[in-house]
Protein chains: 2
Amino acid sequence: MSDPRELRNQGLKVTAPRMKVLDLFHTSAERHLTAEDIYRKLLDEHADIGLATVYRVLTQFEQAGLLVRHHFEGGKAVYELNEGGHHDHLVCMQCGRVEEFYDAEIEKRQAKIAKERGFAIRDHQLHIYVDCTKSACPHRPKG
Amino acid sequence: MSDPRELRNQGLKVTAPRMKVLDLFHTSAERHLTAEDIYRKLLDEHADIGLATVYRVLTQFEQAGLLVRHHFEGGKAVYELNEGGHHDHLVCMQCGRVEEFYDAEIEKRQAKIAKERGFAIRDHQLHIYVDCTKSACPHRPKG
DNA sequence: GTCCGTGCAAAAACTTTGCAACCCC
DNA sequence: GGGGTTGCAAAGTTTTTGCACGGAC
């Protein structure tokens, strides 16, 4: 079970739906989940939680800084736990699998580019879309 | 007027809707347009073109390599002319304005990272989301 | 003339919102 | 007990699709 304080510390009431969604992020094999992914997992464990609530909870968690949202190709928003460290993503276009990476030099140059142009960086995301049709890619039904 | 051969060379029939959409990309002040942007501009010039056709034409143009599609924050797909050179984007979260940039070192490191992990890069996009609330940013109604 | 292309309306896909019942503190 | 939270259904947004008509070659 997740620690209820993760919610209280952000001023969020501790409710069953919130705890269950948070648990999923802490226990799932995949770090990156869509609202639909979460809804299905909750259905699987017969938690009686509506899809609308899943969306609301994800939005609140993102605003609270517990989760980070990404929009990869494919139209669906993807969420992952915010564990502090920024990183970028490799996304397989075949199976939807996501790998993370971090490159200090790339970060440095991004900051420089924005600064040179007088912009304050709010957020930045580097998405590398790949095919991993080999063994590295356990083709799973694209969710 | 755009050159009809741009279409024929890609195996696309030369039709009024296709030519008009292509023209918009060649003549618009903004390089980056959404389907809605284009539809509105066409309405303005009383071209009788349906929104569904705009979507179909944009999809065909992207597949033909005439346009490139991006998904920035905000849910709407954005298209720009494919002029060959890859580049990345700075996107203002206040006004939607888009600036382009290219950094050879960043490109090099992306390629290296994908290669190290055994992935074939299909596409890659670096989005830097910024606030340009100063003079640099002519706040326009976010479209 | 043959096909592909188009407009319109309907549907699909994803997400948000209104509202009454419910539960945390 | 009161105000935030939830489930359901309905609505919103963006994009796609079905179908009959129309235009390119």
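Within every chain, numbering begins at 1; the chains are lettered A, B, ... in the order of the sequence lines, protein sequences first and strands thereafter.
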With nearest nucleotides of DNA chain D determined for B:His71 and B:Leu12 from heavy-atom distances, which residue corresponds to the more 5′ nucleotide?
B:His71
Rounded off to whole Å, could you give me the CZ-to-C1' distance for the B:Phe61 and C:dT6 pair?
14 Å
Give the rounded distance in Å between these two atoms: CG of A:Leu42 and P of D:dC8.
13 Å
For the atom pair CD1 (B:Ile38) and NZ (B:Lys20), what is the distance rounded to the nearest 0.5 Å?
14.0 Å
When you measure from the side chain of B:Arg18, which nucleotide among C:dT6, C:dC14, D:dT15 comes out closest?
C:dT6
Between D:dG7, C:dC8, D:dT5, spot the one nearest the side chain of B:Ala52, thanks.
C:dC8
Can you tell which of D:dG7, D:dC19, C:dA9 lies closest to the side chain of A:Arg56?
D:dG7
Given atom CG of A:Leu33 and atom P of C:dC14, what is their separation to the nearest angstrom?
15 Å
So, for B:Ser2 and B:Glu6, which heavy atoms are closest and what is the spacing to 0.1 Å?
CB-OE2, 3.8 Å
We want to know whether B:Glu107 and B:His124 form a side-chain donor-acceptor pair, criterion being a heavy-atom distance below 3.5 angstrom.
yes
Has B:Tyr55 got a side-chain N or O lying under 4.0 Å from the OP1 or OP2 atom of D:dT16?
no
Send over the distance from A:Met19 CE to C:dC24 C1', rounded to a whole Å.
13 Å
Ignoring the backbone of B:Val14, work out which of D:dC25, C:dT15, D:dG7 is nearest its side chain.
D:dC25
Output the single nucleotide from C:dT6, D:dT14, D:dG7 whose closest atom is nearest the side chain of B:Lys76.
D:dT14
Evaluate the ring planes of A:Phe72 and A:His70, with Trp represented by its six-membered ring, and classify them as parallel (under 30°), tilted (30 to 60°) or perpendicular (over 60°).
parallel
Using a heavy-atom cut-off of under 4.0 Å over every strand shown, decide if A:Ala77 touches base, sugar-phosphate, or nothing.
sugar-phosphate
More than 12 heavy atoms of other residues, nucleotides or ligands under 6.0 Å from CZ of A:Arg40: is that the case?
no
Contact nearer the 5' end of DNA chain D, comparing B:Thr15 with B:Val78
B:Val78
Figure out the CG/P separation between A:Leu51 and D:dA11, and round it to whole Å.
18 Å
A:Val57 side chain, from C-beta outward: closest of C:dT6, D:dT6, C:dC25:
D:dT6
Here the distance between atom C1' of C:dT15 and atom OH of A:Tyr39, to the nearest Å, is 14 Å
In whole Å, I'd like the distance from the CG atom of B:Leu7 to the C1' atom of D:dC25.
15 Å
Quick one: A:Lys20 NZ to C:dC23 C1', roughly how many Å, whole number?
14 Å
Ranking C:dT17, D:dT16, C:dG5 by distance to the side chain of B:Lys13, first place goes to C:dG5
